[in-house]
Structure formats: structure tokens, C-alpha cells
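The first residue in the sequence is number 1, and the count goes up from there. Values in this document were obtained by computation on a predicted structure and should not be read as measured data.
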Amino acid sequence: MNLFRKALLLLASCGALTALRAQAADYRIASPDGTLVVDVRATDSLTYAVSRRGTALLEPAAIGLRFAEGLVPARGARIVAADRTSVDRVIPAPFHRQSEVAERYNQLRLTYDGGYAVTFRVFDEGCAYRFETAFAGERTVVDEIAAFRFAGDPELFAACSDGFCNAFQFCYDRCRASEFRTDKPVLLPLAADWGRGRGKALICESDLESYPGMFLTPDGGTLRGLFAALPDSCYLHERRCQERVATRHDCIARVEGTRTYPWRIVAVADEARELPTNDLVYALGAECRVADCSWIEPGKVAWEWWNDWGLTHVDFEPGIDTRTYKAYIDFAAAYGLEYVVLDEGWSDPKGGDVMAAIPAIDLPELVRYADERGVGLILWAVANVLDAKLEEACAHYAALGIKGFKVDFIDRDDQLAVERVYRLAEAAAAHRLTLDIHGVYKPTGLDRTYPNILNFEGVFGLEELKWSNPDMPSYDVTFPFIRMVQGPVDYTPGAFRNATREGFAIDYYRPMSQGTRAHQAAAYVVFDMPLAMLCDSPSHYIADEPCTRFIASLPSVYDRTQVLSGEIAEHIVTARRKGEAWYVGGMTDWTPRTLEVDLSFLEPGRRYRLTMLADDKRSAEEPERYALRERTATSKTRLRIPLAPGGGFVLRLEPADNR
């Protein structure tokens with residue numbers, strides 16, 4: 001009898017163990033080169049962990065979606081399929097930092113019996129996951145469960161916002177993960193640096209459609225996803241008729257039951273120099289929805305707002321009027337710039353009507369004048385004001401000959417703001433209009449979906465120096481490794497009033513930059529800006545013909561980009577190829593340094609005409625000074641280039657033979 005009882009207990013325990021095992025499933029997905037591994041565990045919850053070369057980067061953390069109707073994955077949910085696929089292809093990338101992007105990954109898709117699934121993709125340069133649902137009708141997303149638990153104690157580079165309504169224009173703080181404390185929402189991307197041997201990682205997101213963007217908040221040793229709630233009511237600010245949120249619902253989104261959700265991305269690299277060319281956000285963006293992109297023209301822009309319409313030595317009083325804009329058009333035409341922006345003021349911002357120009361602006365005449373000179377015009381507009389008459393405005397201005405809109409003051413990434421950006425992009429593309437989206441959240445792969453969006457601001461750009469005194473040179477060599485991984489910026493460089501750290505002064509109407517003129521020139525190579533502003537006055541540019549001609553000769557989009565050297569918050573050297581020519585830009589923070597540039601990326605056996613614009617021996621004290629030199633170079637050439645505090649350099653390398 002005793003033996004029989006023991007047998008029953010043994011059978012019962014085996015049955016319980018079998019049942020437990022049936023509820024728990026473990027999956028492993030490795031990158032194509034085998035270095036990056038994602039371990040997924042499905043029990044009553046769903047967790048994932050990330051390791052690289054056998055060393056943990058992210059400890060196991062739960063993920064999921066919380067609907068009003070319940071949690072996904074639901075407790076006790078059953079996985080009915082675990083499908084594995086591999087992809088190895090090249091996708092076109094018009095106006096991206098590369099003309100083509102390699103998309104190579106291994107994928108695991110877990111399908112649950114409740115009508116939903118989660119997909120994991122593992123690339124050599126990172127991993128990503130996202131949910132999808134196939135529910136009937138509409139659903140309310142109360143929250144999303146997204147957690148990132150860094151193994152060890154990496155150094156973090158984090159930008160903290162002042163709330164959910166912001167334009168993503170904040171500098172980075174650095175501290176150890178164990179010391180990271182803030183009650184402010186943390187912007188994506190966030191960078192983690194373990195140092196030599198374990199490398200670096202960025203938390204990013206992509207394919208953000210009809211859904212709020214993700215912030216982060218520290219919770220002990222974990223960073224958790226944080227999302228702006230869905231707006232309930234809004235009001236218009238009296239100065240610009242900008243829409244602002246008054247009240248919010250107690251959910252983050254209301255969605256169609258059948259849809260995919262944004263990709264949550266962990267991008268990885270051994271060295272800092274690999275980060276600015278990580279293309280996962282672009283590759284994971286939704287495929288292009290513009291059938292013909294041949295009409296989209298990137299280029300350089302003469303811009304008036306930063307320099308306060310600051311023409312000098314002219315025989316009229318400059319202002320927001322037809323005569324002033326004709327002078328900007330003349331300057332653009334003389335230097336081969338593709339566009340002029342008519343920024344805030346061409347239409348009364350308090351009027352809230354994008355269809356009405358002020359009496360001092362003869363828009364048809366300006367379009368005619370610009371067209372004769374081969375220059376396109378771009379109109380500034382508050383996002384919700386343009387959205388209110390979107391189809392009418394796009395049809396009217398496209399017929400008039402306007403080339404695009406600079407859209408401003410979105411300043412949010414809740415679900416309604418994201419939906420507005422998609423609406424603007426779709427309508428503009430239908431009328432062959434480009435967009436420069438200023439005052440906006442970070443790009444999330446939308447430049448792949450709608451390549452007519454050339455720039456997204458979402459960066460602590462040069463305009464900040466009109467009203468503040470930050471450490472701009474340090475920021476300039478920080479954000480390319482972090483924010484720029486999400487996509488292009490609207491930084492608006494090109495200041496020709498350049499100041500030392502001690503000599504800088506805030507002047508809203510006569511603004512200046514921090515660092516040298518060569519640092520400003522380098523921005524046109526280092527920063528991803530398909531629509532590249534020249535922010536200063538034409539009068540200043542004309543006064544320095546050699547530097548202006550040099551900047552105007554630089555492309556705004558390239559076929560290939562690689563970072564030759566760099567460390568976050570210290571320096572960066574970027575090389576880009578356009579056709580057969582190469583361009584190299586280098587920047588430093590306030591620390592003077594000599595950078596070594598190896599030109600072995602050039603085609604062996606060819607001779608190149610090298611033109612270099614760089615700091616000279618007096619630039620540390622007189623930052624507007626620079627040297628412009630020419631010489632011959634080959635793939636065997638090695639350069640040592642001294643940089644002043646806040647300094648920089650640019651190389652233009654053109655084939656000197658007819659091969």
C-alpha cells in the first residue's frame with residue numbers, strides 16, 4: 001500500500017511538472033553572425049533578455065500591452081505557433097545617410113491563441129520586437145509594458161524633458177545607471193556605454209503610427225516605458241494659434257483592433273564610431289508610400305529667421321516684405337542654393353489662416369522671381385493651422401509653384417500629434433510638396449515611409465543660442481552618436497558670427513555661434529540634413545566669399561557614410577561619398593586636439609584634389625579665422641589636423657584624373 005501511494009505521488013508530481021513545462025516555453029534567436037542573442041521566455045508573462053558575445057547586456061524584463069479589455073499576453077495564454085524566418089536583402093534609401101541599407105536578420109514570431117502575436121528580429125547591429133493584434137472593432141490601450149534592465153552598471157547618456165509637451169530639444173546628462181534618478185520623462189534614444197569589451201547600446205523606436213512615442217522613466221535598476229496619455233481637449237495659444245493640450249484621457253491610445261505596434265529597438269556597437277551609421281530605425285520603418293520620389297529635391301536653404309532678416313549695406317529697410325525676400329533669392333541663386341524659406345511672419349500667425357499672406361508679401365511675384373532664378377520657395381506654417389485647411393492649402397500652393405512647407409510647433413508625440421504628422425506627410429506627398437518638420441518629436445522611420453519629409457528637428461539646434469548659453473560644441477559631438485541614429489535633424493548651422501567660450505554673448509537679433517567657423521562648416525558633413533539651412537545673413541556670407549562658396553559646394557545627401565573616429569561628447573570625424581567624390585568633416589568639443597585622418601577609404605591608385613577648410617593657428621583666439629588649402633591626396637595619405645577649442649575641419653576630395 002505504501003509503495004502504491006509513493007507511485008501515485010510520483011505520477012502526480014510528474015504530471016504537475018509536465019503541466020508546468022507546458023505553460024513555460026523558452027526561445028533563442030541569434031543574429032546572422034551569431035554575436036547577438038535574444039532569449040525569450042513565455043510563461044504567464046513574456047520576458048526577453050539580450051546578450052552579446054556571451055555577455056549579458058539586458059537582463060530579463062517583461063513586455064506587453066494593457067488594453068481596457070485585459071492584458072496581452074493574457075495570463076495562461078497559449079502559443080499556437082512559433083515561426084522562424086531569415087531575411088537578407090538590400091533596400092533603397094533615398095535621402096538617407098546611405099543610398100542603400102542592408103537588411104539582414106533572423107526572426108521569431110510567436111502567435112498566441114487570443115488573436116495576437118509578438119515578433120522578434122535580431123540583426124548583427126541590434127534587435128527589436130513589436131506586438132500585433134487581430135481583434136475585431138476598436139480597442140483602448142491603457143498602457144504598454146516595456147522594460148529595459150541593463151546588466152552591470154553602464155554609463156548612461158540621457159536627455160530629460162520638462163514634460164510630455166516638448167520639442168525634444170534638451171542636452172544630455174551622463175551618469176552611471178545605478179545613480180540615474182529623475183522624475184522627468186527621458187527622451188529616446190538613450191545611450192548606455194559599458195566601456196571596452198562590452199560596447200554600447202541605444203534604446204530606440206520605429207514605425208510609430210497612430211500611437212504615442214515612448215519616453216523612459218527609471219524604476220530602481222530598470223528603465224520603463226512611459227507614454228503621453230491621449231488628449232481629451234485642446235485650446236489654441238493666442239500668439240500663433242498653436243494647439244495645446246488642456247486635458248487628457250486615462251489611456252494612451254484608441255486603435256483599430258487589427259494592427260501592428262511600434263518596434264522597440266536595442267541598437268548595439270563595439271565602438272562609438274559605429275553608432276551614427278546604425279540604420280535599424282530606418283530599416284524598421286514602414287515601406288515607402290510615395291510611388292514616385294523623382295520629384296523630391298534635397299538641397300541647401302537660405303534662411304532669414306535666425307539672422308532676423310539681417311541684411312546690411314542695402315538701399316532699403318529689410319523686413320518681412322517682397323523686396324527683402326528678393327534679396328535672399330538673389331543670394332541663393334548666386335551661390336547655387338536650391339531654396340529660400342519664408343519663415344514666421346509671411347502670414348499673420350495670430351490670424352490662424354495659412355491661406356492668407358500679409359499685404360507686404362506678394363507671393364505670386366516671389367514665386368515668379370525665384371523660378372526665373374532656379375530657386376524654390378518653402379513656406380513656414382504652424383502644424384495645426386496647416387492641418388485645418390490641409391487639402392486646400394496643398395492644392396493651392398503646389399499650383400502656385402511653392403515647393404514645400406516648413407511645419408512648426410507640433411511639440412508633442414501623443415497619438416493625435418503622431419496622426420497629424422502622418423496626415424501632413426501624405427497630403428504633401430500627394431501634391432508633390434516636401435516637408436521640413438520643425439518643433440517636432442524625433443523621427444521614427446517616417447523618412448522611409450514618406451521620403452518627402454526631408455528634415456525633422458527634434459534636436460537642440462543652433463537656434464538655442466539666440467536665447468541661451470549652453471555647451472554647444474560638446475552637444476555637437478554628442479547627438480550624432482545618439483539622437484541622429486533615429487534620423488535626420490534640422491539643426492540649422494552656418495553661423496558666421498563665431499565666438500570663443502569666453503566671448504560668447506546671447507543676442508537674439510544678432511546671434512552668434514560657439515566655436516570656430518570651421519566647426520560650423522563641418523556641420524554640413526557631420527550632421528544628417530537633407531535640407532541644410534544656411535542660417536546667417538546673406539550680407540555675412542557675401543563678406544566671406546571663399547568659405548561661403550566652399551559650404552555651398554558640399555552636397556546635402558550622400559551615397560555612403562562612415563565615421564572614421566569619434567567618442568561621445570569628445571569628437572567625431574565623418575566621411576561621406578557622393579558619386580566619385582568624398583567629403584570629410586571633423587569636430588571637437590571645447591578641448592583642442594589634433595585628429596589623425598586616414599584616407600585609405602579612397603580608391604587605390606587614384607589621385608584626388610584635396611581642398612581643406614580648417615582652423616588656423618589663431619582660431620583659438622579669433623574663431624572666425626580659418627585656413628583654406630589645396631593639395632593632392634591618395635589612399636595612402638595620412639593627415640594630422642589641429643583643431644582649436646570648439647573647432648573643426650572639412651575636406652573635399654575630388655578625383656584629379658579622368659578614370
Side-chain angles (χ1 to χ4, degrees), residues 93 95-98 101 125-126 157-159 167-172 187-193 200-206 208 213 265 267-269 271-285 298 436-438 440-448 453-464 472-493 519 522-533 555-558 560-576 583-587 589 648:
F95 322 121
H96 186 56
R97 63 179 73 99
Q98 322 284 1
V101 168
E125 61 270 30
F157 291 81
F168 281 64
Q169 296 169 216
F170 301 93
C171 292
Y172 293 92
L187 306 180
L188 296 188
L190 174 138
D193 184 357
K200 308 173 195 307
L202 296 176
I203 300 174
C204 307
E205 66 178 340
S206 187
L208 180 67
I265 304 170
V268 299
E271 302 177 46
R273 67 181 183 87
E274 299 168 6
L275 291 173
T277 53
N278 187 297
D279 296 315
L280 288 187
V281 173
Y282 188 92
L284 290 164
D436 169 17
I437 306 190
H438 212 67
V440 71
Y441 56 89
K442 66 195 177 297
T444 54
L446 193 57
D447 49 327
R448 179 184 179 190
I453 307 180
L454 294 174
N455 283 9
F456 300 76
E457 189 185 18
V459 70
F460 194 82
L462 198 73
E463 67 178 33
E464 299 289 339
M472 210 65 179
S474 295
Y475 182 78
D476 292 348
V477 293
T478 300
F479 84 81
F481 299 96
I482 305 173
R483 154 63 183 88
M484 209 166 70
V485 176
Q486 287 278 161
V489 300
D490 192 25
Y491 180 95
T492 67
H519 184 101
Y524 293 94
V525 177
V526 174
F527 303 160
D528 294 337
M529 302 179 298
L531 200 64
M533 303 285 169
S556 58
V557 294
Y558 298 84
R560 181 185 171 193
T561 299
Q562 62 187 92
V563 177
L564 304 180
S565 67
E567 293 294 340
I568 301 174
E570 295 182 10
H571 79 279
I572 187 170
V573 178
T574 302
R576 301 186 191 252
Y583 304 83
V584 183
M587 290 178 163
D589 59 0

What distance separates [X] [atom1] from [Y] [atom2], expressed to the nearest 0.5 Å?
X: M533; Y: L531; atom1: CE; atom2: CG; value: 4.5 Å
X: F95; Y: Y282; atom1: CZ; atom2: OH; value: 9.0 Å
X: L275; Y: E125; atom1: CG; atom2: CD; value: 11.5 Å
X: F460; Y: M472; atom1: CZ; atom2: CE; value: 5.5 Å
X: T478; Y: E567; atom1: OG1; atom2: CD; value: 11.5 Å
X: T492; Y: M529; atom1: OG1; atom2: CE; value: 8.5 Å

Given 3.5 Å as the limit, does a donor-acceptor pair link the side chain of [X] with the main chain of [Y], or not?
X: Y583; Y: T574; result: no
X: S206; Y: G285; result: yes
X: R576; Y: V584; result: no

Check against side chain to side chain contact (heavy atoms under 4.5 Å, CB included), I265 and V281: CA-CA 8 Å; I265 304 170; V281 173; 4.0 Å; yes
So [Y] and [X], do their side chains get closer than 4.5 Å, heavy atoms only?
X: F527; Y: D476; value: yes
X: V489; Y: F479; value: yes
X: D447; Y: P488; value: yes
X: I437; Y: E457; value: no
X: C204; Y: L280; value: no
X: D436; Y: F456; value: no
X: H96; Y: R448; value: no
X: I482; Y: P189; value: yes

Ring geometry between Y172 and Y475 (parallel below 30°, tilted from 30 to 60°, perpendicular above 60°):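 If you compare the ring of Y475 with that of Y172, the planes turn out parallel.
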Specify the closest pair of heavy atoms between [X] and [Y], including all atoms of both residues, with the distance to one decimal.
X: Y524; Y: P493; result: OH-O, 3.0 Å
X: P298; Y: L454; result: CA-CD1, 4.0 Å
X: T277; Y: T561; result: CG2-O, 3.5 Å
X: V101; Y: A283; result: CG1-CB, 4.3 Å
X: L190; Y: A158; result: CD1-CB, 3.7 Å
X: V268; Y: G126; result: CG2-N, 3.7 Å

Under the ring-ring contact (aromatic ring centres under 6.0 Å, His included) test, residues paired with F157 that sit two or more places apart: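 Counting only residues at least two positions away or on another chain, F157 forms no ring-ring contact (aromatic ring centres under 6.0 Å, His included).
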Pair E205 + K442: basic N to acidic O under 4.0 Å: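 Here E205 pairs with K442 in a salt bridge, since their nearest N and O are under 4.0 Å apart.
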Side chain to side chain contact (heavy atoms under 4.5 Å, CB included) assessment of E463 paired with H438: CA-CA 11 Å; E463 67 178 33; H438 212 67; 2.9 Å; yes
For R97, all residues meeting side chain to side chain donor-acceptor pair (under 3.5 Å), sequence neighbours excluded: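 Once residues adjacent in sequence are excluded, the partners of R97 under the side chain to side chain donor-acceptor pair (under 3.5 Å) criterion are D279, D528.
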Residues S565, R273; criterion side chain to side chain donor-acceptor pair (under 3.5 Å); working and verdict: CA-CA 6 Å; S565 67; R273 67 181 183 87; over 6 Å; no
Steps toward side chain to side chain contact (heavy atoms under 4.5 Å, CB included) verdict (V563, E274): CA-CA 7 Å; V563 177; E274 299 168 6; over 6 Å; no
